[in-house]
Amino acid sequence: MVVEKDLEAALDQLRADAADPVAGVFGPDTITWRIDREAVNFLGAGRALLLQLAHPWVAAAIAEHSTTFADPIGRFHRTFDIVFAMVFGSLDRALLSSRQLHRRHGMIVGEMPETVGPFAVGSRYCANDIPALRWVHATLVDTALMAHDLVLPPLSAEERERYWAESRTFGALFGLTADDLPADWSGFAAYTAAMMQSDTLTVSTAAREIATQIFTGARPWLRPPRWYRALTAGMLPERLRAGFGFELDERDVRSADNALRWIRRVYPKLPDRLRYVGPYQEAQARLRGEAQPDWMTRCLNRAWIGRPQMDARR
């Protein structure tokens, strides 16, 4: 378990290591900013969510404690608000988001409603459990890089090592210590590969129902387009894709391939103002000493995090 004193010790170290409190935990010279600023990373959002749902504890927690069904857009905004604040916020804002996430996770406890994989019915789950946090962290890191490399030039081996080193710092915002995470990229790749094959990832009834509601549910105006559903399913390991009940026919594959071909041609040519997410643009404005982001950045922020300014306190 990550308890409050462990989190505060990690945050104290982050504060001590921060080169520039205005830039935040990472900053403009990091690969984390370079990867996470790309709007195209949204191509992997569905994959990251499904990989998290494949962990029975996460699925049970979302089913019993989340407003995903009642307020899916609100959940999207809250999730990205926290993640982007950790990455692009000032140091104070990043640490505040870390504490908010820990407190929210501290209220997510319960019992498994059924036996799924190695988790017995009635066994307790908690969102601040270290193995569960490690997997959620891994899905964000691995999927961001996968989505990036689908469209943009892949990172070199040296850049991947730097990216993973920075991702271990990102893990500290979850309360994860150096001992909780693999030491290098090869160790991280081995961990994710082992998890993909482990029965720790077993699609539960709750996970399947949540995925069905999100990807093929009763709200047509919120339903992802066919090509996005197909692309997401194709990014999953075959056994998990089958567990969620996703079937890909030739039309599905063709729609995903056509969309990806178009995105690869158009996306790199977009102006930075459209290509980079609002919170990144706000961070750049903050570094320039501007009191608040301009109107376009505020509009982009409303789309990504549901409010006009990331660093403004709620």
Side-chain angles (χ1 to χ4, degrees), residues 11 13-45 48 73-101 104 137 140-141 143-145 147-148 151-153 155 159 162-163 165-174 263 266-314:
L11 300 188
Q13 188 62 53
L14 288 178
R15 186 177 291 279
D17 293 341
D20 181 357
V22 176
V25 174
F26 298 99
D29 296 327
T30 61
I31 290 186
T32 297
W33 272 32
R34 175 179 143 195
I35 298 296
D36 289 3
R37 70 186 179 181
E38 299 285 353
V40 78
N41 287 344
F42 185 68
L43 291 178
I73 294 178
R75 176 173 170 77
F76 169 90
H77 284 153
R78 287 188 294 274
T79 299
F80 276 85
D81 188 18
I82 287 176
V83 172
F84 281 144
M86 288 177 172
V87 173
F88 297 120
S90 65
L91 182 61
D92 285 344
R93 186 68 185 90
L95 302 191
L96 174 64
S97 286
S98 173
R99 294 184 177 103
Q100 289 173 331
L101 181 64
R104 186 179 302 172
H137 170 266
L140 298 176
V141 173
T143 302
L145 198 55
H148 174 275
V151 177
L152 299 168
L155 300 189
E159 287 172 326
R162 285 175 52 203
Y163 179 64
E166 292 172 12
S167 296
R168 282 162 56 89
T169 300
F170 180 54
L173 291 162
F174 289 74
I263 292 169
V266 173
Y267 181 79
K269 299 177 182 178
L270 291 176
D272 293 352
R273 293 287 272 167
L274 296 177
R275 176 171 158 175
Y276 299 150
V277 298
Y280 168 79
Q281 298 190 44
E282 178 182 336
Q284 291 287 4
R286 186 177 67 245
L287 291 176
R288 293 192 296 268
E290 298 174 14
Q292 67 174 14
D294 61 22
W295 69 270
M296 186 171 180
T297 300
R298 295 198 300 272
C299 289
L300 289 170
N301 275 346
R302 286 189 182 278
W304 283 102
I305 63 175
R307 58 199 185 101
Q309 191 166 347
M310 172 182 58
D311 262 328
R313 297 292 181 91
R314 287 185 181 274

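These numbers come from a predicted model, not from an experiment.
Under the 4.5 Å side-chain criterion, counting only non-hydrogen atoms from C-beta, Arg104 is in contact with Arg78. Looking at Leu101 and Met86, their side chains come closer than 4.5 Å, going by heavy atoms from C-beta outward. With a 4.5 Å cut-off on side-chain heavy atoms, Leu173 and Leu11 count as touching. A 4.5 Å side-chain heavy-atom check between Leu274 and Met296 finds at least one atom pair inside the cut-off. You'll find the side chain of Leu91 reaches within 4.5 Å of the side chain of Arg15, heavy atoms only. Here the side chains of Leu43 and Tyr267 are not in contact, with every heavy-atom distance at 4.5 Å or above.
When all heavy atoms of Leu287 and Val22 are compared, the closest pair comes out as CD2-CG1, 4.0 Å. Taking all atoms of both residues into account, the shortest heavy-atom contact from Asp294 to Arg273 is OD2-NH2, 2.6 Å. Contact between Phe88 and Arg37 at its shortest, heavy atoms only, is CZ-N, 3.6 Å. Residues Val141 and Tyr163 share a closest heavy-atom pair of O-OH, 3.4 Å. Scanning all heavy atoms of the two residues, the minimum distance from Arg288 to Glu290 falls at NE-OE2, 2.9 Å. Smallest separation of non-hydrogen atoms from Pro293 and Ala285: CA-CB, 4.5 Å.
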_Chi angles and distances behind the side chain to side chain contact (heavy atoms under 4.5 Å, CB included) call for Phe174, Leu140_ = CA-CA 12 Å; Phe174 289 74; Leu140 298 176; 4.0 Å; yes
_side chain to side chain contact (heavy atoms under 4.5 Å, CB included) between Thr169 and Asp17, intermediate numbers included_ = CA-CA 10 Å; Thr169 300; Asp17 293 341; over 6 Å; no
*Would you sort out whether Glu282 and Leu300 count as a side chain to side chain contact (heavy atoms under 4.5 Å, CB included), showing the intermediate values?*
CA-CA 10 Å; Glu282 178 182 336; Leu300 289 170; over 6 Å; no
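Taking the six-membered ring for Trp and thresholds of 30 and 60 degrees, Phe42 and Phe80 have ring planes inclined between 30 and 60 degrees apart.
Annotation: Phe26 is not in aromatic contact with Trp33 [ring centroid separation under 6.0 Å not met].
Listed for the Gln281 side chain is a donor-acceptor partner under 3.5 Å among the backbone atoms of Tyr276. The backbone N or O of Ile305 lies less than 3.5 Å from no partner atom in the side chain of Arg302, so there is not a single donor-acceptor pair. The closest donor-acceptor contact from the side chain of Asn41 to the backbone of Ile35 lies under 3.5 Å. Between the side chain of His137 and the main chain of Ser167, a donor-acceptor pair closer than 3.5 Å is present.
How far CD of Gln309 is from CZ of Arg286: 9.5 Å, rounded to the nearest 0.5 Å. Note that CZ of Arg34 is 7.5 Å distant from CZ of Arg162, once rounded to the nearest 0.5 Å. A distance of 12.5 Å separates NZ of Lys269 from CZ of Arg275, quoted to the nearest 0.5 Å. Atom CZ of Phe84 is separated from atom OG1 of Thr79 by 11.0 Å, given to the nearest 0.5 angstrom. Rounding to the nearest 0.5 Å gives a distance of 13.0 Å between CH2 of Trp304 and CG of Asp81. The line from CD1 of Ile82 to NE2 of His77 is 13.5 Å long, rounded to the nearest 0.5 Å.
Using modelled atom types and a 3.5 Å distance limit, the side chains of Tyr280 and Gln284 yield a donor-acceptor pair.
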